[in-house]
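This is the structure, below, for whatever I ask next.
These numbers come from the heavy atoms of this one structure, side chains and all, not from hydrogens, waters or symmetry mates. Note on naming: letters A, B, ... go to the chains in the order of the sequence lines (proteins, then strands), and numbering restarts at 1 for each one. Worth saying up front: this structure is predicted, and the values here are computed from it rather than measured.
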Protein chains: 2
Amino acid sequence: MSRFQDIFLDIESDILNQQYKAGELLPSENKLSEKYNVSRETIRKALTLLLESGYIQKKQGKGSIVLDIKRFDFPISGLTSYKELQDSQNINSETLLIKNQIETISEQIASFLNVSKETEVHALIRARKVDGETVILDKDYLLTSVIPVLPDNEAKKSLYNFIEKEMGLIIGYARKEFVVEPATQEDREYMTLHGDTHVVVTRSEVHLEDTTLFQYTESRHRLDKFRFVEFARRRPPMDYS
Amino acid sequence: MSRFQDIFLDIESDILNQQYKAGELLPSENKLSEKYNVSRETIRKALTLLLESGYIQKKQGKGSIVLDIKRFDFPISGLTSYKELQDSQNINSETLLIKNQIETISEQIASFLNVSKETEVHALIRARKVDGETVILDKDYLLTSVIPVLPDNEAKKSLYNFIEKEMGLIIGYARKEFVVEPATQEDREYMTLHGDTHVVVTRSEVHLEDTTLFQYTESRHRLDKFRFVEFARRRPPMDYS
DNA sequence: TAGTGGTCTAGACCACTTG
DNA sequence: AAGTGGTCTAGACCACTAA
């Protein structure tokens, strides 16, 4: 772990523990570089991480202000998986493995991913049950060229844990899309919809660090169980002149 | 404008113009620092911006790979306003100003924003019409302590343009939430809902650069007209030990 | 082994805020 | 005027990739 990441984690925990309170200023960059015995640029890299995570706001000539973080936010953003969320939020829930078999990819998904439709994938369907009701249906397609085998018991637990810890692969980035669509026959079959006509659909195409595409995911949420929160910084509009 | 931002824009336009093609490597950081006559760290700051915008993926020992950007994505992310989106996407649309008056804030919003309910705001309602149908209803509340006057003709154009260009204020960051909720009486009154029972609601609390809260926004979208796209990089899950 | 990106330094100058 | 963050440098060493 690099020094600036350690410092980021250290300051983060100081903010979470209220050692540094919301509305107050952090020590100046010079003070922090003395405290941690590193150069100022290294401190600045740590502060950049805090800035991007929404912990602080910097102001030239003034200092770094600690922001008021609302802890109960639901950060789907930043590629965090369902299992990780569950662990961090203590949701009383259960996963049902409905399907886990090898198939060739469907026409529709092949065109979305821009790959040949002879591509072989693990096709996975999992239902997420909360308080006895199935409120999320996850459909995953993982390229067998990257993930040769996918045991049922791993699929039922955390996919990302299996991929990263067991397979040693490193996930890089994803493009995600959120839309609302009419519920399908399949949605009605597996989910507890109470007569809802629509579901929220999030589609992602996930790539490894070396840019290899390896997963397509469709996550279908019951309307009342979907919530997405993000922290956004202003970026000046593009100049389309 | 700082040097690294100039370089970011320059390389960005080279990627968009296909001078650097998707799948290829950018010149190395050393080459780029010669080309632009700056130090390597300055090049690295420019590349960090490209990385965060989803233009490139870096790999140690290898280089910086240009990613395949899909241009028709709809970047609500990053605090871009409706008017700016419209400009950049050529949507055939029109804005109706339904309300623009000064009020004291409602109980509900006061508690959401954590301010006193005697706070005075400009209460603003605007309908966004596309191809003759009202598909978005924007409700804005701007603190009069920050924005003393808000002319109708400015409200009808771009709020952000007025705030940034006319008032000289700098917008800093926002916390945004996306949920699906039952349509209200007001939604049915102003929007063309075709019998939909729900709408997508995005709520934001927007702060200035100096952390002053100045705006609360609720944007209500017809289900079939809502789409949100984001580019996300993997961040290891928090350690809640 | 040569070339790449990842990290870090010690110092410099600038722009901005506050007294 | 003193202190803050914003930018930039020239050089160093490390970890990784590919030939």
Side-chain angles (χ1 to χ4, degrees), chain A residues 1-11 20 23-52 55-67 168-173 208-212 233-236, chain B residues 1-11 20 23-52 55-67 168-173 208-212 233-236:
Chain A
M1 185 73 105
S2 54
R3 194 82 182 89
F4 75 87
Q5 289 182 67
D6 287 335
I7 295 172
F8 161 69
L9 290 175
D10 197 63
I11 299 180
Y20 300 130
E24 292 179 1
L25 294 176
L26 286 186
S28 75
E29 296 178 349
N30 282 318
K31 297 267 177 56
L32 288 171
S33 71
E34 283 172 29
K35 168 172 179 184
Y36 290 103
N37 270 303
V38 294
S39 73
R40 195 178 141 223
E41 283 287 8
T42 299
I43 290 296
R44 285 178 59 75
K45 281 176 188 161
L47 294 188
T48 296
L49 294 181
L50 291 167
L51 188 80
E52 287 168 351
Y55 285 110
I56 63 171
Q57 174 74 356
K58 303 177 84 177
K59 193 71 199 292
Q60 197 174 54
K62 191 85 172 292
S64 299
I65 302 163
V66 178
L67 297 181
L169 299 173
I170 299 177
I171 294 169
Y173 58 95
L208 297 178
E209 210 186 23
D210 66 0
T211 77
T212 314
R233 300 202 104 82
R234 172 71 164 159
R235 205 174 291 198
Chain B
M1 186 74 106
S2 54
R3 194 81 183 90
F4 75 87
Q5 289 182 64
D6 287 335
I7 295 172
F8 160 69
L9 290 175
D10 197 63
I11 299 180
Y20 300 129
E24 293 180 0
L25 294 176
L26 287 186
S28 74
E29 297 178 348
N30 282 318
K31 297 267 177 56
L32 288 170
S33 70
E34 283 172 31
K35 167 172 177 182
Y36 290 103
N37 271 303
V38 295
S39 73
R40 194 177 142 224
E41 283 287 10
T42 300
I43 290 295
R44 285 179 59 75
K45 282 176 187 161
L47 294 188
T48 297
L49 294 181
L50 291 167
L51 188 80
E52 287 168 351
Y55 285 110
I56 63 171
Q57 173 75 356
K58 304 177 84 176
K59 193 70 200 292
Q60 198 175 53
K62 190 87 171 293
S64 298
I65 303 162
V66 178
L67 297 181
L169 299 172
I170 300 177
I171 294 169
Y173 59 95
L208 297 178
E209 210 187 22
D210 67 0
T211 77
T212 314
R233 299 202 103 82
R234 172 72 165 159
R235 206 173 291 197

Report yes if some heavy atom in the side chain of A:E41 is under 4.5 Å from a heavy atom in the side chain of B:E41; otherwise report no.
no
Taking atom types as modelled, find out whether B:N30 and B:S28 have a side-chain donor-acceptor pair closer than 3.5 angstrom.
no
Roughly, in whole Å, what's the span from CG in B:D6 to C1' in D:dT7?
12 Å
What's the closest nucleotide to the A:S39 side chain, out of D:dG5, C:dG5, C:dA10?
C:dA10
Taking only side-chain nitrogens and oxygens of B:S28, does any of them come within less than 4.0 Å of OP1 or OP2 of C:dG3?
no
Rounded off to whole Å, could you give me the CG-to-P distance for the B:D210 and D:dG5 pair?
16 Å
Note, B:T48 side chain near A:T48 side chain (heavy atom, < 4.5 Å):
no
OP1, OP2 of C:dT7 versus side-chain N and O of A:S2: anything below 4.0 Å?
yes
Looking at D:dG6, does its base get a donor-acceptor pair with the side chain of A:R40 below 3.5 Å?
yes
Contact nearer the 5' end of DNA chain C, comparing A:G61 with A:F4
A:F4
Which part of the nucleic acid, if any, lies within contact of B:K45, taking any heavy atom under 4.0 Å across all strands shown: a base, the sugar-phosphate backbone alone, or nothing?
base
Please report the distance, rounded to the nearest Å, between CD1 in A:I56 and C1' in D:dG6.
14 Å
Measure from CG on A:L47 to P on D:dG5 and round the result to the nearest Å.
8 Å
Minimum-distance nucleotide (side-chain atoms of A:V38 versus D:dG6, C:dT9, D:dA10):
C:dT9
Please figure out whether A:E41 or A:G63 has its closest DNA chain D nucleotide nearer the 5' end.
A:G63
Nearest to the side chain of B:K62 - C:dG5, D:dT17, D:dC8?
D:dT17
So, do A:L67 and B:Y173 sit near enough that their side-chain heavy atoms are less than 4.5 Å apart?
yes
Rounded to whole Å, how long is the line connecting atom CD of A:Q60 with atom P of C:dC16?
6 Å
Rounded to whole angstrom units, what separation is found between the CD1 atom of A:I43 and the P atom of D:dG3?
19 Å
Looking at side-chain heavy atoms only, is the closest gap between B:I11 and B:I7 below 4.5 Å?
yes
Checking contacts here: which listed nucleotide (D:dT17, C:dT4, C:dC8) is nearest the side-chain heavy atoms of B:N30?
C:dT4
Check whether any side-chain nitrogen or oxygen of B:K58 sits under 4.0 Å from OP1 or OP2 of C:dG6, and answer yes or no.
yes
Say you draw a straight line from CD of A:Q57 to CG of A:L51; how long is it, rounded to the nearest 0.5 Å?
6.5 Å
Between D:dG6, C:dT17, D:dC8, spot the one nearest the side chain of A:K59, thanks.
C:dT17
For C:dT9, does either OP1 or OP2 sit under 4.0 Å from a side-chain N or O belonging to A:T42?
yes
Tell me: CG of B:N37 to P of D:dT7, nearest whole Å?
20 Å
Output the rounded distance in Å from CD (A:E34) to P (C:dA10).
13 Å
Heavy atoms only, 4.0 Å cut-off, all strands: where does B:R44 land among base, sugar-phosphate and nothing?
base
